[in-house]
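Both counts, for ligands and for their atoms, begin at 1 and track the order of listing.
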Amino acid sequence: MAKYVINGGFPLAGAVRISGAKNSALKLMAASLMTTGKVTLHNVPLIKDVFTMADVLREIGADVTIGPDSVEIDASGELSHTTPYELVRKMRASITVMGPLLARLHRARVAMPGGCNIGPRQINFHLSSLEKLGARIHADHGFINVATNGLTGDVISLDYPSVGATENVMMAACLAKGRTVIESAAREPEIIDLAKFLTSMGANISGAGSNTIVIEGVEELGGATHTVVPDRVEAGTFMVAAAVTEGDIEVEGINPLHLEIFISKLRAIGVDIKEFDHSVRCRGGGEYSSTDISTLPHPGFPTDLQAPMIVLLSLARGHSIVTENVFENRFGFVDELNRLGANVRVSGHHAVVHGGSRLEGTIVEAPDLRAGAALVLAGMAASGTTEIGHIGHIDRGYENFELKLQALGADIQRVETSDRSHFIAPFN
Ligand code: UD1
């Protein structure tokens, strides 16, 4: 149990190095179950979700060693097809062990996933796609059971470019017989990263990053060494941090092309961004303008950066309309932001941000991972002291968050607390 205590008003300055992407590292760890060879992953962020995924893999029977520079996974021993309920329901990404286990063991029993409370987050696309590859599916006692006598490639046309479903199918199809075509596939950089990793394990995949991915099944996959793609959401969070504190920072170790629409929106608001091959310089200050934003699957505006952007828009001149198209319930943090003095009104999947607010510190709670990070940004922009509870959500996805912010000049402290009001409800 911990909270952040932030004294706002300090412009951030200096350079920050971005970690590997949570949303890639977790899937690469799951994919490692498909080989008896040794896997070494570099640039894995040491965050709570990575430790949870390591525990999921260990419960299944893999050896996982987490070091400062790499994570090593050895799944050469006998594996269990059952994934532990207590671990899986903490984190939705655990569902991506289903495809690998089905491919390797021909069966999997996976607890229904948990994670952030940002909508129902169903898994119907995962299941119907695996069914098409030859899996039989039934649910009991909060578990999904999938089994097959052997997977066979097919054409899978997703109704929506779901990131998780694309990943699960791509992994299962690597060891299926024949060719699998995923139409309307997700195009996120993390999908490309997973395809690169699987290819280095011996898979035959083309088209990752486009909306049609073709996988030719192979007999087996081998061990591999891979470096995780940079975390574009962490990068975006720090860029907004520079903007809301009127700071000037270099965000290093990233691929700016992964953030094109996000960067164009920051520029439209009035943030000065200079792009380099592997970094951006982000300078805030002056008067910001309103702009409208609609979240969409990649390459559209990322839903994971919607909450930080609302904080920035609440400081801009004029009204902005933010439309959330990816997840329901992703405006849950707005009430907390308004307690800091913002003026944001939500109607269905639209939020109207009445800009020009002067934020003032108070006590708030992080309702989920990205919204929690957004409240930290708001606290740094606010006058006075802000306390943020439930920061376990933030620990799920940001490596050394307060240490990186402190190095940039923020006044932010992690304070351990026995205050039950800051107890982390595990399934929120
Ligand atoms: C991943 C990311 C998350 C990001 C999201 C969209 C991880 C661990 N999480 O989540 O940070 O915000 O992509 O970029 O990588 N849906 C269904 N049925 C399904 C699957 C999805 O209805 O079978 C719906 C979801 O409820 C949601 C939307 O589709 O409304 C998008 O989900 P999806 O793209 O699958 O996101 P995740 O993989 O869960």
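- Side-chain atoms of E188 come within 3.5 Å of backbone atoms of H298 as a donor-acceptor pair (strictly under, hydrogens ignored).
- Judged by distance alone, with hydrogens and angles left aside, the side-chain atoms of E234 form a donor-acceptor pair with the main-chain N or O of S19 at under 3.5 Å.
- Considering only residues two or more places apart in sequence or on other chains, P256 meets the side-chain contact (heavy atoms from CB on, under 4.5 Å) condition with I254, I263, E275, V280.
- Contacts with ligand 1 closer than 4.0 Å are made by no heavy atom of E190, backbone or side chain.
- Checking D304, T295, N329 against atom 3 (C) of ligand 1, the nearest heavy atom belongs to D304.
- At a heavy-atom distance under 4.0 Å, only side-chain atoms of T303, from C-beta outward, approach ligand 1.
- In this pair, Y85 and F143 present their aromatic rings tilted. The plane angle is within the 30 to 60° band.
- Contacts between L127 and ligand 1, counted as non-hydrogen atom pairs separated by less than 4.0 Å, are absent for every part of the residue.
- Those atoms of ligand 1 that come under 4.0 Å of a heavy atom in K27, given as number and element, are 7 (C), 8 (C), 15 (O).
- For ligand 1, none of its N or O atoms has an N or O atom of A165 under 3.5 Å away.
- With respect to E190, the side-chain hydrogen bond (donor to acceptor under 3.5 Å, both in side chains) criterion is satisfied by exactly one of R232, H258, K27: R232.
- Ligand-side atoms of ligand 1 in range of Y160: 28 (C), 29 (O), 31 (C), range being under 4.0 angstrom from any heavy atom.
- Residue S162 has at least one nitrogen or oxygen atom sitting less than 3.5 Å from a nitrogen or oxygen atom of ligand 1, judged on distance alone.
- Per-residue contacts place G164 under 4.0 angstrom from the following atoms of ligand 1 (heavy atoms of the residue considered): 35 (O), 38 (O).
- Ring geometry for F238 against F401 counts as perpendicular: the plane angle is over 60°, on a 0 to 90° scale with 30° as the lower cut.
- At a 4.0 Å cut-off, at least one heavy atom of R330 sits close enough to ligand 1 to count as contact.
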Report, one line per pair, each donor and acceptor closer than 3.5 Å where one atom sits in a side chain of residues 58-70; sequence neighbours left out.
unit_1 : atom_1 : unit_2 : atom_2 : d
R58    : NE     : V64    : O      : 3.4
R58    : NH1    : D55    : OD1    : 3.0
R58    : NH2    : V64    : O      : 2.9

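- For the pair H298 and ligand 1, no heavy-atom separation below 4.0 Å is found.
- Y398 pairs with exactly one of H393, R370, K404 by the side-chain hydrogen bond (donor to acceptor under 3.5 Å, both in side chains) rule, that one being R370.
- Close approach of ligand 1 to Q122 is summarised as follows: ligand atoms under 4.0 Å from at least one heavy atom of the residue are 16 (N), 17 (C), 18 (N), 19 (C), 20 (C), 21 (C), 22 (O), 23 (O), 26 (O).
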Mind running side-chain hydrogen bond (donor to acceptor under 3.5 Å, both in side chains) on Q413 and E402 for me, showing each step along the way? CA-CA 7 Å; Q413 302 299 330; E402 73 270 21; over 6 Å; no
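- Inclusion of F327 in the set of residues having an N or O under 3.5 Å from an N or O of ligand 1 is not warranted.
- Using a 4.0 Å cut-off between heavy atoms, R92 contacts ligand 1 through its side chain alone, with no backbone atom that close.
- If you look at N124 next to ligand 1, the close heavy atoms, those under 4.0 Å, come from the backbone and the side chain alike.
- Side-chain N or O atoms of K265 include one that pairs as donor or acceptor with a backbone N or O of D292 at under 3.5 Å.
- Residue V326 has at least one heavy-atom neighbour below 4.0 Å for each of these atoms of ligand 1: 27 (C), 28 (C), 30 (O), 31 (C).
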